[in-house]
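Any value given below was found using the heavy atoms of this structure, including those in side chains, with hydrogens, waters and symmetry copies removed. Order of the sequence lines sets the chain letters (A, B, ...), proteins ahead of strands, with each chain counted from 1.
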There are 2 protein chains.
Amino acid sequence: MPQKNFDEIRELDLFSKLKDESFSKLMRGAYFKQFPPQIELIDEGDSADFLHILTSGAVELFSRWENRETTLATVFPISTFILAATMTDLAYLMSARTLEKSQIILIPSEDVRAVFSEDRDFANAIVLELARCYRGVVRTTKNLKLRSASERLANHLLVLHKRMDRRNSLTLPYEKRRLASYLGMTAENLSRTFTLLAENGVEVHGKEVVISDLGKLEAFARPTSLIDG
Amino acid sequence: MPQKNFDEIRELDLFSKLKDESFSKLMRGAYFKQFPPQIELIDEGDSADFLHILTSGAVELFSRWENRETTLATVFPISTFILAATMTDLAYLMSARTLEKSQIILIPSEDVRAVFSEDRDFANAIVLELARCYRGVVRTTKNLKLRSASERLANHLLVLHKRMDRRNSLTLPYEKRRLASYLGMTAENLSRTFTLLAENGVEVHGKEVVISDLGKLEAFARPTSLIDG
DNA sequence: CGCGCTATTGATCGGGATCAAGGTAAGTGG
DNA sequence: CCACTTACCTTGATCCCGATCAATAGCGCG
């Protein structure tokens with residue numbers, strides 16, 4: 001594995017305060033793998049043998065039931081995923097597939113749990129990370145249950161806008177149909193909702209989104225830190 | 001506080017493996033309070049000063065946005081709630097109200113965090129509990145996004161049935177309108193959905209639900225361990 | 001180019017919401 | 001013990017958001 005990756009991983013909240021010894025213990029047993037796009041990395045229900053860290057590319061977390069499928073999250077570098085299943089040694093609840101060619105580090109779950117009980121700082125970081133994830137899903141649930149599809153889209157655009165350093169022009173980092181699924185709507189409905197938002201300060205051309213009237217969009221979206229973070 | 005309560009709390013997964021010393025440290029700073037029904041214990045956005053433990057009564061966790069409100073969970077004794085906010089020292093993301101007269105133990109968040117970093121077993125238990133909560137909300141999200149309202153109701157009845165030792169007759173432990181809100185539907189729609197389920201092995205009289213044909217209900221609900229636990 | 005995939009647009013359908021009355025059951029007080 | 005109240009639930013009528021189905025339009029890429 002390139003040194004560059006090591007350094008980046010080391011800087012993740014999860015590992016930054018880790019003892020060197022613990023960190024190398026984790027890395028010693030780790031696999032560094034490259035995957036092509038559209039590979040199913042994880043099938044929900046599988047036992048959680050590895051903690052995954054995405055170092056380049058993109059990964060979709062999704063779930064299937066009875067011929068239906070929904071996107072639960074999109075993971076971008078550098079970040080870990082499916083920590084909760086790893087810690088509890090239970091089956092994964094989400095499936096994962098690469099969206100692009102991706103580099104992924106696989107750390108055996110037993111190693112994670114071993115270091116967790118040896119290194120207090122790691123335990124601390126894991127708790128914070130799990131709590132953060134938990135709160136993220138709670139926000140998602142509130143978003144789904146309290147808002148209409150167009151309100152969800154409007155607020156999501158505001159979140160992206162904030163994340164992009166508040167530039168009024170941004171590029172959607174995923175296909176629209178995945179965005180639609182993530183927001184709990186169909187691709188068709190997303191399209192129509194975008195045209196609806198044209199009256200509320202949003203212009204769309206392909207994956208480019210221009211927020212031409214932030215005030216209008218905010219008035220429509222009514223964002224709150226208790227949902228949108 | 002009655003000794004009986006102490007013992008019951010001690011048996012919670014979160015506290016059972018705790019050193020006596022740690023447990024008393026937590027209890028020393030704790031408040032034991034009684035609340036009448038319909039009292040708002042927590043307003044989302046408040047800072048998370050206390051970990052709450054419900055020892056009798058019932059508490060609803062809910063959220064509001066723009067004049068809409070949704071039930072996120074109902075808590076029954078004996079259990080803790082809002083652990084994640086406590087650990088991260090961030091604002092609560094859910095509001096809470098008593099549904100009945102309730103006894104609640106309030107443990108200052110700083111004490112919880114202090115004991116967490118002193119007592120390895122407690123740290124362990126907290127991680128497991130957080131991961132469990134996280135996975136619970138992931139299931140909720142999948143349920144909301146992958147299933148229709150009637151499928152959610154059918155599966156929820158199966159969950160209650162399982163929880164009630166698989167007796168074919170059970171009593172709904174909450175008002176129907178709260179169940180409706182929890183399942184992400186209106187009270188009216190819940191009513192109609194119950195009549196729909198009459199053709200699928202379910203009889204309802206008030207809060208009494210009789211599963212007259214488990215096979216039929218299961219065929220309709222198609223439960224899966226990856227959503228329904 | 002032309003093939004294949006994604007996005008848009010249009011027409012229609014349906015699940016679930018909303019609005020508006022009734023019904024039912026459990027208190028409450030005379 | 002029974003009228004009256006009140007809260008919850010049900011039922012009916014209608015509406016609308018968003019899904020579905022179908023066709024077309026872009027776009028990226030070999």
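The cationic atom of A:Lys176 (NZ for Lys, CZ for Arg) lies less than 6.0 Å from the six-membered ring centre of A:Phe194 and within 45° of the ring axis.
Using the six-membered ring where Trp is involved, B:Phe81 and B:His52 have ring planes that are tilted, between 30° and 60° apart.
For the pair B:Lys207 NZ and D:dC9 P, the interatomic distance rounds to 7 Å; values are reported in whole Å. For A:Glu175 and D:dG28, the CD to C1' distance is 12 Å, given to the nearest whole Å. We find that CD of B:Glu208 is positioned 14 Å from P of D:dC9, with the value rounded to whole Å. As rounded to whole Å, 11 Å separates atom P of D:dC8 from atom CG of B:Leu99.
Between A:Tyr174 and A:Tyr182, the distance separating the two ring centers is not shorter than 6.0 angstrom.
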Which protein N or O atoms sit under 3.5 Å from an N or O of nucleotides 17-19 of chain D?
residue, atom, partner, partner atom, Å
D:dG18, OP1, A:Ala149, N, 2.7
D:dA19, OP2, A:Thr186, N, 3.2
D:dA19, OP2, A:Thr186, OG1, 3.1
D:dA19, OP2, A:Asn189, ND2, 3.2

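Taking every side-chain heavy atom of B:Glu188 into account, D:dT11 is the closest of D:dC9, D:dT11, D:dC21.
Two residues are said to be in side-chain contact when any heavy atoms from C-beta on lie closer than 4.5 Å; A:Arg222 and A:Glu151 meet this criterion. Between A:Ser212 and A:Val202, the closest side-chain pair of non-hydrogen atoms is not below 4.5 Å.
Partner B:Glu218 forms a side-chain contact (heavy atoms from CB on, under 4.5 Å) with one of B:Asn200, B:Ile211, B:Leu158 and no other, that one being B:Leu158. Remark: of the listed residues A:Arg147, A:Arg139, A:Lys145, A:Arg147 is the sole one forming a side chain to side chain donor-acceptor pair (under 3.5 Å) with A:Asn143.
Between A:Leu106 and A:Phe50 the shortest heavy-atom distance is CB-CD2, 3.8 Å.
Protein chain A touches strand DNA chain C; the 5'-most and 3'-most nucleotides with an atom under 4.0 angstrom of its non-hydrogen atoms are C:dT6 to C:dA11.
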